[in-house]
Amino acid sequence: MTLKSNEDYEQQRNRQVSKMRSALDYIMGALIVFIGVFLLARGAFDFRLNKIYPPDVWDKVYGVIVILYGSWRIYRAYKKNYFK
């Protein structure tokens, strides 16, 4: 193999890895944001869990933190800045 073909292989491999990591970040980010929204809105639903563990201010604080983290994952997937 020549040096040119090695560079082409590395570029192709980096593009494939970047696409896979981006897809994983989109999926995980959306799932994490959904969990954060659920934590914020948990008191509006009639779950048996709410009767055992009633929602409090810490659910809302943690929900906001989780939404911020999920948003960061989605932003990281959008930027695709994995190898720079």
Side-chain angles (χ1 to χ4, degrees):
M1 290 183 99
T2 65
L3 184 60
K4 179 73 172 158
S5 63
N6 284 339
E7 290 174 2
D8 290 340
Y9 171 75
E10 286 296 322
Q11 288 176 351
Q12 180 183 5
R13 185 179 154 276
N14 286 346
R15 278 194 301 268
Q16 290 174 345
V17 169
S18 179
K19 287 179 186 178
M20 290 298 293
R21 286 183 67 180
S22 177
L24 181 66
D25 278 342
Y26 276 126
I27 293 167
M28 290 300 296
L31 181 65
I32 291 169
V33 167
F34 175 75
I35 292 169
V37 170
F38 171 76
L39 286 172
L40 286 177
R42 185 168 80 106
F45 301 106
D46 187 31
F47 293 125
R48 188 172 59 178
L49 176 70
N50 290 346
K51 294 174 184 151
I52 298 170
Y53 301 107
D56 58 357
V57 69
W58 292 111
D59 287 336
K60 296 195 184 317
V61 169
Y62 188 65
V64 169
I65 292 170
V66 168
I67 288 173
L68 289 174
Y69 177 67
S71 300
W72 179 77
R73 293 280 302 243
I74 291 171
Y75 172 74
R76 186 172 73 170
Y78 174 73
K79 290 300 279 185
K80 294 181 185 170
N81 194 12
Y82 298 114
F83 298 106
K84 296 178 183 167

Identify whether L68 and V33 are in the same connected component of the hydrophobic contact network (ILVMFWY, side-chain heavy atoms under 4.5 Å). yes

CD-OG distance between E10 and S5, expressed to the nearest 0.5 angstrom: 10.5 Å

Does any pair with a residue in residues 36-55 pass side chain to side chain donor-acceptor pair (under 3.5 Å), and if so which ones, sequence neighbours excluded? R42-N50, R42-D59

Find the distance between CD1 (I35) and OH (Y62) and round it off to the nearest 0.5 Å. 8.0 Å

For G43 against P55, the heavy-atom pair lying closest together: CA-CG, 3.7 Å

S22 and A77 have their tightest heavy-atom pair at OG-O, 3.1 Å

R13 versus Y9, side-chain donor and acceptor atoms under 3.5 Å: no

In this structure, OH of Y69 is separated from CD1 of I74 (nearest 0.5 Å) by 11.5 Å

Should I27 and L31 count as side-chain neighbours, where that means a heavy-atom distance under 4.5 Å? no

Between M20 and Q16, is there a side-chain heavy-atom distance shorter than 4.5 Å? no

Roughly how far apart are R21 CZ and K80 NZ, rounded to 0.5 Å? 12.5 Å

Of all heavy-atom pairs between Y26 and Y78, which one has the smallest distance, and what is that distance? OH-CA, 3.4 Å

Would W58 end up clustered with V64 when hydrophobic side chains under 4.5 Å apart are linked, directly or stepwise? no

Separation between CG (L40) and NZ (K60), nearest 0.5 Å, reads 6.0 Å

Which of I67, V66, I32 passes side chain to side chain contact (heavy atoms under 4.5 Å, CB included) with V37? It is I67

Please find the pair of heavy atoms, one from G29 and one from R73, that lie closest to each other, and give the distance. CA-CB, 3.9 Å

